[in-house]
*Asks:* 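Just passing along the structure, written as structure tokens.
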Amino acid sequence: MNIHEYQAKELFDKFAVPSPQGKVAGTPEEAEAAAKAIGSDTLVIKAQVHAGGRGKGAFKNGFQGGVHLIKSTAAARDIAAKMLGETLVTKQTGEDGKLVSKVMVADAVDISHEYYLAILLDRETSRPVIVASTEGGMDIEEVAEKTPEKIIREFINPLIGIQPFEIRKITAGLGFGKEEGKQFGKLLRNLYRLFIECDCSMVEINPLVTTPDGQVLALDAKFGFDDNALYRHPEIVAYRDTDEEDPREVAASEYDLNYIGLDGNIACLVNGAGLAMATMDIIKHHGGDPANFLDVGGSVTREGAIEAFRIILSDDKVKGVLVNIFGGIAKCDTIAEALIAAAKEVGFQV
Ligand code: ADP
Ligand code: MG
């Protein structure tokens with residue numbers, strides 16, 4: 001699960017990770033009121049979508065940029081009017097873009113330098129890894145490719161947590177002076193605590209900045225949470241914005257179906273993730289293209305199975321459905337009944 005930047009800022013505040021003051025707005029008037037409440041001479045207004053690259057993105061209505069520097073409260077209203085209800089396309093949204101239904105107005109800060117800081121789960125070592133670079137603000141993949149030596153990686157033992165020597169190593173690697181180093185150390189320790197306590201799969205701050213008056217601040221935030229741990233975080237589930245998700249995946253999650261939409265035209269309805277993957281491989285092997293991954297699990301109900309058919313058949317690209325059920329874990333009669341019921345309801349030939 002992902003969350004918006006303005007929601008991430010609430011978590012930053014809770015865990016004492018410093019970031020500029022900001023307020024969310026859903027209308028141009030609210031954006032103006034937010035700008036007034038913050039009361040700074042210079043502000044930024046930022047489109048809230050689950051994707052990065054907003055600064056360099058463009059709206060389908062021709063308006064350029066999902067992040068703007070503004071110098072008056074009236075400008076907050078005017079720019080919010082150009083963003084709200086419009087579709088923003090960035091490098092990370094795909095060409096369909098994302099509808100902007102909220103903007104965040106935040107205090108603009110003077111930037112001395114932009115850094116990159118992230119905590120991710122490393123699958124090879126099964127450990128959290130801290131990734132940091134002095135080359136923040138830009139495409140980190142490009143930095144990794146062209147100047148890999150500029151990326152610092154520190155693997156953390158999850159049992160003992162982040163240690164002072166590890167923080168010192170990263171602080172030195174980024175070349176912070178004494179005062180900034182102290183602030184950065186505190187920020188990193190708090191960010192690590194946030195990562196662990198909220199069961200994150202990733203936290204990315206790009207950019208993390210220093211200011212001429214010596215502050216260290218997080219200017220952007222991208223979060224991912226481990227879906228399997230969400231049951232113990234109702235406060236994070238409350239941040240879920242289903243408008244940002246594939247509507248087919250949202251419907252599937254209501255029935256505990258593991259569904260991932262793909263681009264082909266042969267839908268699959270399978271039980272067990274391994275069998276689902278093998279089924280997709282077989283389709284590919286014979287020159288076809290799967291339209292989805294769908295694992296209905298072992299304890300699927302009749303209603304769940306009908307919903308599964310409804311979801312896969314709502315995809316216009318689907319020309320046929322391959323049902324591959326292993327009878328050892330799901331009741332085949334449940335699936336068969338659902339197949340007949342769905343055929344009647346949705347109107348297809350079995
Ligand atoms: P994205 O990564 O989606 O483009 P960011 O939040 O990183 O969005 O914003 C893009 C750029 O805008 C940042 O790299 C930074 O230079 C600038 N920026 C963002 N927030 C602020 C802020 N509060 N004050 C000053 N500049 C900002
Ligand atoms: Mg960014």
*Asks:* Is C200 close to I119 at the side-chain level, that is, under 4.5 Å between some pair of heavy atoms?
*Replies:*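 A side-chain contact under 4.5 Å is absent here.
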*Asks:* Would a distance-only check, ignoring hydrogens and angles, find a side-chain to backbone donor-acceptor pair under 3.5 Å from K331 to V300?
*Replies:*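 Such a contact is absent between K331 side chain and V300 backbone.
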*Asks:* Any side-chain donor-acceptor pair under 3.5 Å between S19 and K9?
*Replies:*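 Checked: S19/K9 side chains pair up, N/O donor to acceptor below 3.5 Å.
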*Asks:* With E5, which of K102, R54, K23, K222 fulfils salt bridge (charged side-chain N to carboxylate O under 4.0 Å, His left out)?
*Replies:*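 So, applying the salt bridge (charged side-chain N to carboxylate O under 4.0 Å, His left out) to E5 and each of K102, R54, K23, K222, only R54 qualifies.
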*Asks:* Which heavy-atom pair separates T171 from G181 by the least distance, and what is that distance?
*Replies:*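 For T171 and G181, the tightest heavy-atom pair comes out as CG2-CA, 3.5 Å.
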*Asks:* Do the side chains of E204 and Y116 get nearer than 4.5 Å, heavy atoms only?
*Replies:*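 Yes; the side chains approach each other to less than 4.5 Å.
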*Asks:* Under a 3.5 Å distance rule, please check whether E244 uses its side chain to pair with a backbone N or O of H50 as donor and acceptor.
*Replies:*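 It does hold such a pair.
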*Asks:* Contact between L117 and V203 at the side-chain level, heavy atoms closer than 4.5 Å - yes or no?
*Replies:*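 Contact flag for L117/V203 side chains = no.
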*Asks:* Keeping the roles fixed (side chain from Q183, backbone from V216), state whether a donor-acceptor pair exists under 3.5 Å.
*Replies:*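 Yes, because the side chain of Q183 sits within donor-acceptor range (under 3.5 Å) of the backbone of V216.
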*Asks:* Could you check whether any side-chain heavy atom of I3 comes within less than 4.5 Å of a side-chain heavy atom of L11, counting everything from C-beta outward?
*Replies:*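 Result yes, sub-4.5 Å side-chain heavy-atom pair found.
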*Asks:* Could you check if a side-chain atom of V250 sits within less than 4.5 angstrom of a side-chain atom of R240, using non-hydrogen atoms only?
*Replies:*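 In short, these two side chains touch, coming nearer than 4.5 Å.
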*Asks:* Measure across I260 and E249 and return the closest heavy-atom pair with its distance rounded to 0.1 Å.
*Replies:*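 In terms of heavy atoms, the two residues are closest at CA-OE2, 3.8 Å.
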*Asks:* Please state whether the rings of H68 and F63 are parallel, tilted or perpendicular, taking 30° and 60° as the class boundaries.
*Replies:*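 Parallel.
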*Asks:* Less than 4.5 Å apart, side chain to side chain, heavy atoms only: is that true for V67 and D220?
*Replies:*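 Of all side-chain heavy-atom pairs linking D220 with V67, none is under 4.5 Å.
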*Asks:* So, the side chain of Q163 versus the backbone of I160: is there a donor-acceptor pair under 3.5 Å, distance only?
*Replies:*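 Indeed, once roles are kept as given, a pair shorter than 3.5 Å links the two residues.
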*Asks:* Quick check: does any side chain N or O of S201 sit under 3.5 Å from a backbone N or O of G224, one acting as donor and the other as acceptor?
*Replies:*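 Looks like yes, one N/O pair under 3.5 Å.
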*Asks:* How long is the gap from CG on D78 to CD1 on I70, to the nearest 0.5 Å?
*Replies:*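 CD1 of I70 is found 9.5 Å from CG of D78.
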*Asks:* Could you tell me whether the side chain of N265 and the main chain of G320 form a donor-acceptor pair under 3.5 Å?
*Replies:*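 Side chain of N265 to backbone of G320, a donor-acceptor pair under 3.5 Å: no, none is there.
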*Asks:* Does the distance from a Lys or Arg side-chain N to an Asp or Glu carboxylate O, for E142 and K146, drop under 4.0 Å?
*Replies:*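 Salt bridge flag = yes for K146 with E142.
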*Asks:* Do F223 and L194 come within less than 4.5 Å of each other through their side chains, counting heavy atoms only?
*Replies:*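 Yes, at least one pair of side-chain atoms sits under 4.5 Å.
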*Asks:* Same cluster or not: are L257 and I306 linked, directly or through other Ile, Leu, Val, Met, Phe, Trp or Tyr residues, by side-chain heavy atoms under 4.5 angstrom apart?
*Replies:*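 In one cluster: no.
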*Asks:* What are the two closest non-hydrogen atoms of A31 and V103, and how far apart are they?
*Replies:*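 Shortest heavy-atom contact: CB-CG2, 4.3 Å.
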*Asks:* Please determine whether salt bridge (charged side-chain N to carboxylate O under 4.0 Å, His left out) holds for the pair D122 and R153, giving the CA-CA distance in whole Å, both sets of side-chain angles, and the decisive distance to 0.1 Å.
*Replies:* CA-CA 11 Å; D122 180 60; R153 283 192 187 79; over 6 Å; no
*Asks:* Between D241 and H4, is there a side-chain donor-acceptor contact under 3.5 Å, judged purely by atom types and distance?
*Replies:*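 Present: a donor and an acceptor within the cut-off.
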*Asks:* Main chain of G52, side chain of T90: is a donor-acceptor contact present, judged purely on distance under 3.5 Å?
*Replies:*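 Such a contact is found between T90 side chain and G52 backbone.
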*Asks:* With sequence neighbours left out, write down each residue that passes side chain to side chain contact (heavy atoms under 4.5 Å, CB included) with E337, or none if nothing qualifies.
*Replies:*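 E337 satisfies side chain to side chain contact (heavy atoms under 4.5 Å, CB included) with R302 once adjacent residues are dropped.
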*Asks:* Does some side-chain heavy atom of F326 sit less than 4.5 Å from a side-chain heavy atom of V270?
*Replies:*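 Result no, sub-4.5 Å side-chain heavy-atom pair not found.
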*Asks:* Can you check whether Y259's main-chain N or O pairs, donor with acceptor, with N292's side chain at less than 3.5 Å?
*Replies:*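 Not a single qualifying donor-acceptor pair exists.
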*Asks:* Give the C-alpha distance, both sets of side-chain angles, the deciding distance and a yes or no for salt bridge (charged side-chain N to carboxylate O under 4.0 Å, His left out) between R310 and E307.
*Replies:* CA-CA 5 Å; R310 205 178 282 135; E307 184 62 23; 2.5 Å; yes
